[in-house]
Trainee: 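Take this structure first; my questions come after.
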Amino acid sequence: MHFKKISIEFDGEWILRHRLSKKLPINTFIDLINDRFNGETEVLYTSFTDCEVAVKVPNISKEDIAYAVEKILSENFDIENDEIINLSIGDFFEDSIEKEESIIEKKKPVIVESKNAIRPMALDKIEDLIGADDFKVLIREIVTIAPGIIRHNTFEAFAFQNYLFSINDGCGFTTYLSLFAELLEELKLFKFRNRQKVVEVKLPPQGNDRVDPFAGVMNCFQSHTNNKGMLISIDISEWMTKITEKQFRDFLLYLEDYTNDNVIIFRIPFVEKDVLSDINTALQDILFVREVSFPPLGMEELTECAERFLTKMGFTANNDVWDVFHARVMEEKSDGRFYGINTVNKIVREMIYRKQLSDAQNDRDNSIIRKEDILSLSQSYSNNSVNGMDLLDDMIGMEQIKHSVEEIIAHIKFSRRIPNISYPCIHMRFVGSPGTGKTTVARIIGKILKENGVLRNGNFFEYSGRDFCGRYVGETAPKTAEMCRDAYGSVLFIDEAYSLYRNENNTNDFGQEALDTLISEMENHRDDFVVIMAGYTDEMNELMKGNNGLASRMPYVIEFPNYTREQLCQIYFKMLGNSFEYDEDFQSAVTEYFNSISDETLSAKDFSNARFVRNLFERTCAKASMRMQLSGINKLTLTVDDFKLASTERAFQALVAKKSRITIGF
């Protein structure tokens, strides 16, 4: 049977513009030709550059084939004639090919390679990453330029480029390095000469002159064969403010000798764009450096990471499971030490463990995680239907606080009903001593505001003032902005907020930078989240006076008085609840103890109120547990002796009035 051969060559620049498409133009053309001739085609070859293809088709007239090709091109490709270098159609036999007749010719060089071009596997892995938009732009650029580098043998110009990655801990830095190395190797742009392709080192802070902080990096080069063929990451975080110093610049001059034979990536934490640019400018005095920024992932992106990891582990989750997951993420973030994907994967492993424990206890075995399986994952997640005001009612000594909250809610709702005015600031100040319920009330207020349609989420994010400060210049503002972004639609609670304040005796630039960013966020998102700052009354007043515009943006002030003796005693017995048994003698001893707390203690600024009660309660339970363990008794009963042993410990005995210590009555 006779066949015809179609040879078509496209303009190289046009092919490069489509190189990142899901399917390359040549492959699309092959599929369309195959459909046109009912699957009776055969691909003879494609070029390495994906610019040329030859296809064997059934024997019909060259005019009909030319018409079919023209129709395919016009209907399926955005292409002009000058983007086709050559289209030829000729007779094809099993043993020979007759001379082809050129239908379209352009005076451009013809490129023919012997190997088929393959889309790098690393490219698909990188495109599948969550976030990392700057990194993906860089990778696409490298993939696009790679054929030209190979064709013109300009590897030295490519190798001359170094990189500055701005990325936080736990955000996948090692993964990005590995994929980068994999891509360069697949594209044949770089040859790794060692089994260990990627090396990560961190410069220690500037210290003793006898110790060279750059010795580790220098040894890294010297310990590898020929000092070539590495992708080496150098963490320069500790030197971000010292890049222009002679010692560091001498180090850059040392690196210059190795840049052509190695890929060098400098690493710093995620910082403001202008700070990143300044650091890059200083580096570029000696080296050519490309900056790449990796913003921290938001809650939606972290959830997607968790879903992927869960699938990888062979599990799925019901939709309501993610409410518990979000609550746990907030808890992990609340201490200011959150490690991105690493922390997410840790939480997912905990979810799987708790699910399998639930299955074992309930004689089940499946891979679907339910909310009921993992409720213990988060201490802050509330799975009950009690409304916010009822929760306030259940708290001891909160009558005036509840009244203040009701007034605030009424004012906010009324203000939002008035047309043609901007929403009022709804940020608040909680002032009072420790342990007076500020954190608990702030959490409940988030729930109340959501129930009343003021907040869309009503979640609770708790931090101390110092959590907003970064370790390095330029890190504080994006860190603060990220923490605010997480809290959009919810409550951002800042305990000891006054620790951010800079006065004449405290040159705390990072704290002031955090405050400036907070004030900006509070104004720009005044209707979408609530910032509650909490602390001692005097210190909070000083904070407001020392920062223009802060007090006006926090119009609501709620004062939390110290608890009375009677209220402290009520809190203690409420903690006991129905979990323990005790007799009247125990009750009398506890009551007399709280009645004996001195006035000096109750009025002291640092008295921890309910926190003090909880500590006493926990010590009493510890004494009872030890007694029951030693005696072999399983019944949970508290005795006067348990309380006596706990309350006479130094931390608790010192708070009781001296005249009453002997007459506590055991």
Side-chain angles (χ1 to χ4, degrees), residues 130-131 170 296-335 337-359 361-362 364 366-392 394 439-463 482-493 525 528-532:
I130 298 170
L297 301 180
M299 186 64 83
E300 289 185 7
E301 294 167 317
L302 293 175
T303 303
E304 186 177 350
C305 290
E307 289 175 331
R308 289 188 182 187
F309 189 60
L310 202 60
T311 301
K312 179 181 177 182
M313 299 290 285
F315 287 82
T316 59
N318 292 336
N319 289 335
D320 55 1
V321 163
W322 300 111
D323 293 336
V324 185
F325 169 80
H326 294 159
R328 180 54 187 272
V329 169
M330 291 177 231
E331 293 169 357
E332 292 282 355
K333 286 190 171 191
S334 65
D335 61 0
R337 293 184 295 275
F338 181 75
Y339 300 103
I341 298 172
N342 292 347
T343 302
V344 166
N345 290 345
K346 182 195 75 169
I347 295 174
V348 169
R349 291 187 180 99
E350 290 183 49
M351 291 167 60
I352 293 173
Y353 179 86
R354 293 172 192 273
K355 186 271 184 301
Q356 292 184 310
L357 178 61
S358 176
D359 279 0
Q361 293 171 340
N362 295 280
R364 292 192 308 262
N366 59 64
S367 59
I368 302 173
I369 300 178
R370 305 172 307 151
K371 182 167 70 173
E372 293 75 15
D373 297 330
I374 63 165
L375 281 176
S376 59
L377 184 73
S378 168
Q379 294 181 352
S380 63
Y381 180 76
S382 175
N383 194 40
N384 57 56
S385 57
V386 180
N387 65 52
M389 284 301 180
D390 288 343
L391 290 174
L392 270 184
D394 193 48
T439 304
T440 303
V441 171
R443 191 186 305 275
I444 293 173
I445 280 181
K447 184 176 178 64
I448 294 172
L449 291 175
K450 181 183 180 182
E451 292 168 352
N452 285 271
V454 177
L455 293 177
R456 50 190 169 90
N457 297 327
N459 296 323
F460 184 76
F461 293 81
E462 178 186 359
Y463 299 101
E482 179 193 358
M483 294 159 80
C484 290
R485 182 188 66 177
D486 288 340
Y488 290 165
S490 301
V491 169
L492 178 64
F493 181 77
H525 299 273
D528 194 37
F529 80 127
V530 176
V531 174
I532 300 177

Trainee: Report yes or no: does Glu301 contribute a side-chain atom to a donor-acceptor pair with the main-chain N or O of Gly298 at less than 3.5 Å?
Mentor: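 Confirmed, Glu301 side chain pairs with Gly298 backbone.
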Trainee: Which pairs with one or both residues in residues 306-324 pass salt bridge (charged side-chain N to carboxylate O under 4.0 Å, His left out), sequence neighbours excluded?
Mentor: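 For residues 306-324: Asp128-Arg308, Glu304-Arg308.
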Trainee: Quick check: do Asp394 and Asp390 have side-chain heavy atoms less than 4.5 Å from each other?
Mentor: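 When only atoms from C-beta onward are counted, Asp390 and Asp394 do not touch, as no gap falls below 4.5 Å.
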Trainee: Can you measure from CG (Asn452) to CE (Met389) and round to the nearest 0.5 angstrom?
Mentor: 7.0 Å
Trainee: Check whether any side-chain heavy atom of Glu332 lies under 4.5 Å from a side-chain heavy atom of Val329, and answer yes or no.
Mentor: no
Trainee: Check whether more than 12 heavy atoms from other residues, nucleotides or ligands sit under 6.0 Å from atom CG of Asn366, and answer yes or no.
Mentor: yes
Trainee: How long is the straight-line distance from OG1 of Thr316 back to CD1 of Ile369, given to the nearest 0.5 Å?
Mentor: 7.5 Å
Trainee: If you round to the nearest 0.5 Å, how far is CZ of Phe325 from CE of Met330?
Mentor: 10.0 Å
Trainee: Does Thr343 reach the main-chain N or O of Tyr339 with its side chain, forming a donor-acceptor pair under 3.5 Å?
Mentor: yes
Trainee: Please walk me through it: do Asp486 and Phe338 pass side chain to side chain contact (heavy atoms under 4.5 Å, CB included)?
Mentor: CA-CA 12 Å; Asp486 288 340; Phe338 181 75; over 6 Å; no
Trainee: Using only atom types and a distance under 3.5 Å, with no angle test, would you say the side chain of Asn362 pairs donor to acceptor with the backbone of Arg364?
Mentor: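 No, the answer is negative, given that no donor and acceptor are paired below the 3.5 Å cut-off.
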Trainee: Check whether any side-chain N or O of Lys447 sits under 3.5 Å from a backbone N or O of Gly458 as a donor-acceptor pair, and report yes or no.
Mentor: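 Judged by distance alone, no pair lies under 3.5 Å.
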Trainee: What is the minimum heavy-atom distance between Val324 and Ile374, and which atoms define it?
Mentor: CG1-O, 3.6 Å
Trainee: Which heavy atom in Glu451 sits nearest to a heavy atom in Asn387, and how many Å separate them?
Mentor: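 Glu451 and Asn387 have their closest heavy atoms at OE2-CA, 3.3 Å.
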Trainee: In the structure I gave you, are the side-chain heavy atoms of Val344 and Leu297 within less than 4.5 Å of one another anywhere?
Mentor: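 When only atoms from C-beta onward are counted, Leu297 and Val344 do not touch, as no gap falls below 4.5 Å.
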Trainee: Should Ile352 and Leu310 be marked as a side chain to side chain contact (heavy atoms under 4.5 Å, CB included) after you check the CA-CA gap, both sets of side-chain angles, and the distance that decides it?
Mentor: CA-CA 8 Å; Ile352 293 173; Leu310 202 60; 3.8 Å; yes
Trainee: With the side chain counted from C-beta on, respond yes when Arg443 and Val491 share a heavy-atom pair under 4.5 Å apart, and no when they do not.
Mentor: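 Arg443 vs Val491: side chains apart.
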Trainee: Answer yes or no: is there a side-chain heavy-atom contact under 4.5 Å between Arg328 and Met351?
Mentor: no
Trainee: Roughly how far, to the nearest 0.5 Å, is NZ of Lys450 from OG of Ser490?
Mentor: 8.5 Å
Trainee: Would you say that Phe461 contacts Met483 through its side chain, given a criterion of any heavy-atom pair below 4.5 Å between the two side chains?
Mentor: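 The answer is no; the side chains never approach within 4.5 Å.
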Trainee: Over all heavy atoms of both residues, which pair between Ile341 and Cys305 is shortest? Give the atoms and the distance, please.
Mentor: CG1-SG, 4.3 Å
Trainee: Taking all non-hydrogen atoms of both residues into account, name the closest pair between Ile448 and Leu392 and its distance.
Mentor: CD1-CD1, 4.1 Å
Trainee: Between the main-chain N or O of Ser378 and the side-chain N or O of Glu331, is there a donor-acceptor pair closer than 3.5 Å?
Mentor: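 Not confirmed, Glu331 side chain does not pair with Ser378 backbone.
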Trainee: With heavy-atom distances below 4.5 Å as the criterion, would you say the side chains of Val530 and Leu455 are in contact?
Mentor: yes
Trainee: Compute whether any side-chain donor of one residue and acceptor of the other, for Glu372 and Ser358, lie under 3.5 angstrom apart.
Mentor: no
Trainee: Starting at CG of Leu377, measure out to OH of Tyr353 and round the result to the nearest 0.5 Å.
Mentor: 13.0 Å
Trainee: Strictly distance-based, threshold 3.5 Å: is any side-chain N or O of Glu462 a donor or acceptor partner for the main-chain N or O of Thr439?
Mentor: no
Trainee: Which pair of non-hydrogen atoms, one from Ser376 and one from Arg354, has the smallest distance, and what is that distance?
Mentor: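 So the two residues come closest at OG-NH1, 2.8 Å.
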Trainee: Asp528: which residues meet the side-chain hydrogen bond (donor to acceptor under 3.5 Å, both in side chains) condition with it, sequence neighbours left out?
Mentor: Arg456
Trainee: Got a second to check how far Asn459's CG is from Met299's CE, nearest 0.5 Å?
Mentor: 7.5 Å
Trainee: On a heavy-atom basis, which atom in Tyr463 and which in Lys333 lie closest, and how many Å separate them?
Mentor: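 In terms of heavy atoms, the two residues are closest at CE2-O, 2.8 Å.
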Trainee: Under the criterion side chain to side chain contact (heavy atoms under 4.5 Å, CB included), I'd like the reasoning laid out for Gln356 against Phe315: C-alpha separation, chi angles, the key distance, then a yes or no.
Mentor: CA-CA 11 Å; Gln356 292 184 310; Phe315 287 82; 3.9 Å; yes
Trainee: Can you list everything that forms a ring pair (Phe, Tyr, Trp, His ring centres under 6.0 Å) with Tyr488? Sequence neighbours excluded, please.
Mentor: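 With sequence neighbours excluded, Tyr488 shows a ring pair (Phe, Tyr, Trp, His ring centres under 6.0 Å) to His525, Phe529, given in chain and number order.
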Trainee: Mind running side chain to side chain contact (heavy atoms under 4.5 Å, CB included) on Ile445 and Phe460 for me, showing each step along the way?
Mentor: CA-CA 9 Å; Ile445 280 181; Phe460 184 76; over 6 Å; no
Trainee: Are Thr303 and His326 side-chain neighbours, meaning at least one heavy-atom pair lies under 4.5 Å?
Mentor: yes
